[in-house]
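Encoded as structure tokens, the structure appears first; notes follow it.
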Amino acid sequence: MVTATGPAPGSEMTAEIGDIEERSSAGVLHAAAIFASHMVLQRNKPIAVFGGLDADCAGLEVSAEIHDFDGLLIAQAHAYASKDVRDGFAPWRVMLPAQSEGGPYTLRIIAGNDVLEFDDVLIGEVWLAGGQSNMELELRNSENAEEALENCADPLLRFYNVPKTGVIDRNAESAASWQESSPENSGVMSAVAYYFARKLRAELDADLPIGIVDCYIGGTSISCWMSEDALNSSEAGRGYLTRYERAIAGKTQEQFELETNEWQMRFNAWNVDIAAAKRADPDVTWDTLNEQYGACPWPPPVTPTSQYRPTGPFHAMLERIAPYSLAGFLWYQGEEDEPYCDGYRELLGMMIGEWRAVWSENLPFLIVQLPQWIDKKADETGGDPMLWPMLREAQWDAACTIDNVYAICTIDCGEYDNIHPVDKRTPGERLADCALRQVYGIRRIQVHGPTVLGFRCDANGRVRLFFRYAHGLHFDGTTPDSRSGGHGVGLPTLVRVPEHSGFELAGADGVFHPATAAIFVDCDIEDLVNSRVNVVDYNATEFGIPINSRSIGTITLAAADVSEPVAMRYAWRSWGPAPLFNDAGLPAQPFRLDLTDHTEPAGSAD
């Protein structure tokens, strides 16, 4: 099965741009295009300023200066351009000393008699938002877009859209710019990143600028955001390269151009038709759209210059903005890798390591675990392929096992038969909460849903699960479209019948059956300590706060068709019941347990 993800509907794809004046060049001096007026620089760490000189100026001194509004010199540093010329330029990098938040400033870069000057520069927190279409989905196309845009004006919230391309496009880079959040500008900003930045602005210092570097392309696999060396270092990565080489083998440049142009015309026409139909009827269903206009023409042809090919955006986008000083990374991706989900965990870990190596810093990496989704046709014909649970598990495992990596659960989000859910406020604000708690150390922010601590099986075939972060443990709704935001839709809050519980048990035959689930509210910490329970760590602490009975919850499972359970799982579907929440309204993440294995179950992704 191949998932047709594609760009987010209505996304602002990089258009063809004519020759324009180079705003980031002066004589022999060239700064990376991300340096521009109105930019936000990262506070409290050295500020990397970088670019290139004309090849015949290799070894020339380059200096960078920050001046305040009155022209007073705030910071200064210099370095010499490399004598090794790359792509016609001699690279240089100046490291300005760390500065606290503030502005507006002027950044001046000097090489010989050539000077670049950028105005209205702020210093604050800068995050890179990366991934594919669900990170790409723009504020103007998200849920409640009109209201959000009406209220988005904020001169201290700024963003930079890296041009979407698979080959270096200097004209597009020159046309890109840093922009203040406003009703006129923010429509083309990532909706997830906007809500993330907005909450940081609300929770942190009111005078603290927040900058977002938007760096994503809808329809890209994880292999697009890695180098050849990284992909060649693993079997999973080599598979992407091999499939790519086979796809382009024996074709001429003329064939590539013809195939791409023909596809682009079909794709553009389809998008125009879909947009017009949605304007005419905002409630039109995808069933109706697909019947009238056909399925999205995806994927595009594979070519040596495509932005969807392995390594393309890594070189043409990510490396072009590195190592712009950052607070951390946001990552929402994985849908395109459904057919090869077995290798996703390995590649995700490798990509995180490579990005950190490019930046020479162990930067925080925040992951959006995939929400619920299933294609209606697949659901009604072939059934659930059960691949998205594998991707979710890979994402959560990365957060549990890699230092300074965190994940947010969105299993209560998503839309049936729509791979691009329009609610982007929930993932954006959960990412912000994660950053506020884990990166900025604000302890009052709750970020954990109910998380399994351990289990105990009894002689009657029942399984008792113990959860932490479980105060106010309850069931709410079934699938995302049935949530009440309170205590369910006519369903009990403490007991669930098998069809609605999300829990399943399997015996020795390996066949899973839905299980009845009952929450017990009278759990005591001594019960956990003194019982023979397979416990992760009943003395675990969170920022020095011991686990106590207030944070422990238990659920008893039973399935009539499973007398001796050996395995269990929860929310292990592409789309299905996932009703378990705590009193913070945070969902339990999907998980599975081998009930014969007394090693530690996976902990929380904190």
(request) Considering only NZ, NE, NH1 and NH2 on the basic side and carboxylate oxygens on the acidic side, decide whether Glu361 and Arg356 come within less than 4.0 Å. (result)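 Salt bridge: no.
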So, using side-chain hydrogen bond (donor to acceptor under 3.5 Å, both in side chains) as the criterion, who are the partners of [X] when residues are at least two apart?
| X | result |
| --- | --- |
| Asn404 | Tyr406 |
| Glu319 | His315 |
| Asn271 | none |
| Arg320 | Glu173 |

(request) Start with the C-alpha distance between Asp119 and His38, add both sets of side-chain angles, then the distance that settles side-chain hydrogen bond (donor to acceptor under 3.5 Å, both in side chains), and finish with yes or no. (result) CA-CA 6 Å; Asp119 299 319; His38 317 299; over 6 Å; no
Is any side-chain heavy atom of [Y] closer than 4.5 Å to one of [X]?
| X | Y | result |
| --- | --- | --- |
| Val213 | Arg158 | no |
| Pro91 | Phe50 | no |
| Trp178 | Ser37 | no |

(message) Over 60° means perpendicular and under 30° means parallel, so tell me whether Trp355 and Trp359 are parallel, tilted or perpendicular.
(response)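 It falls in the tilted class, 30° to 60°.
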Within the side chain of [X], is there an N or O that forms a donor-acceptor pair under 3.5 Å with the backbone of [Y]?
| X | Y | answer |
| --- | --- | --- |
| Ser190 | Met135 | yes |
| Asp337 | Tyr340 | no |
| Arg23 | Ala176 | yes |
| Thr220 | Ile217 | yes |
| Asp169 | Pro163 | no |
| Ser11 | Pro7 | no |
| Asp68 | Asp70 | yes |
| Asn185 | Glu180 | yes |

(message) Quick test of your reading: applying salt bridge (charged side-chain N to carboxylate O under 4.0 Å, His left out), list the pairs with at least one residue in residues 397-406, sequence neighbours left out, ordered by first then second residue.
(response)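 Only Arg345-Asp397 qualify under salt bridge (charged side-chain N to carboxylate O under 4.0 Å, His left out).
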(request) Would you mind listing every salt bridge (charged side-chain N to carboxylate O under 4.0 Å, His left out) that reaches into residues 201-222, with sequence neighbours excluded? (result)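 Non-adjacent pairs meeting salt bridge (charged side-chain N to carboxylate O under 4.0 Å, His left out): Asp154-Arg201, Glu203-Arg444.
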Scan side-chain atoms only and decide if [X] and [Y] contain a donor-acceptor pair under the 3.5 Å cut-off.
| X | Y | result |
| --- | --- | --- |
| Ser181 | Ser186 | yes |
| Asn171 | Ser174 | no |
| Gln333 | Gln132 | yes |

(message) Are more than 12 heavy atoms, taken from residues, nucleotides or ligands other than Asp87, located less than 6.0 Å from that residue's CG atom?
(response)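 For Asp87, atom CG is not crowded (no more than 12 foreign heavy atoms under 6.0 Å).
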Looking at [X] versus [Y], is the centre-to-centre ring distance below 6.0 Å?
| X | Y | result |
| --- | --- | --- |
| Tyr324 | Phe35 | yes |
| Phe159 | Trp127 | no |
| His67 | Tyr105 | no |

(request) Nearest 0.5 Å please: distance from the CD atom of Gln589 over to the CD atom of Gln395. (result)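 Atom-to-atom, Gln589:CD and Gln395:CD are 12.5 Å apart.
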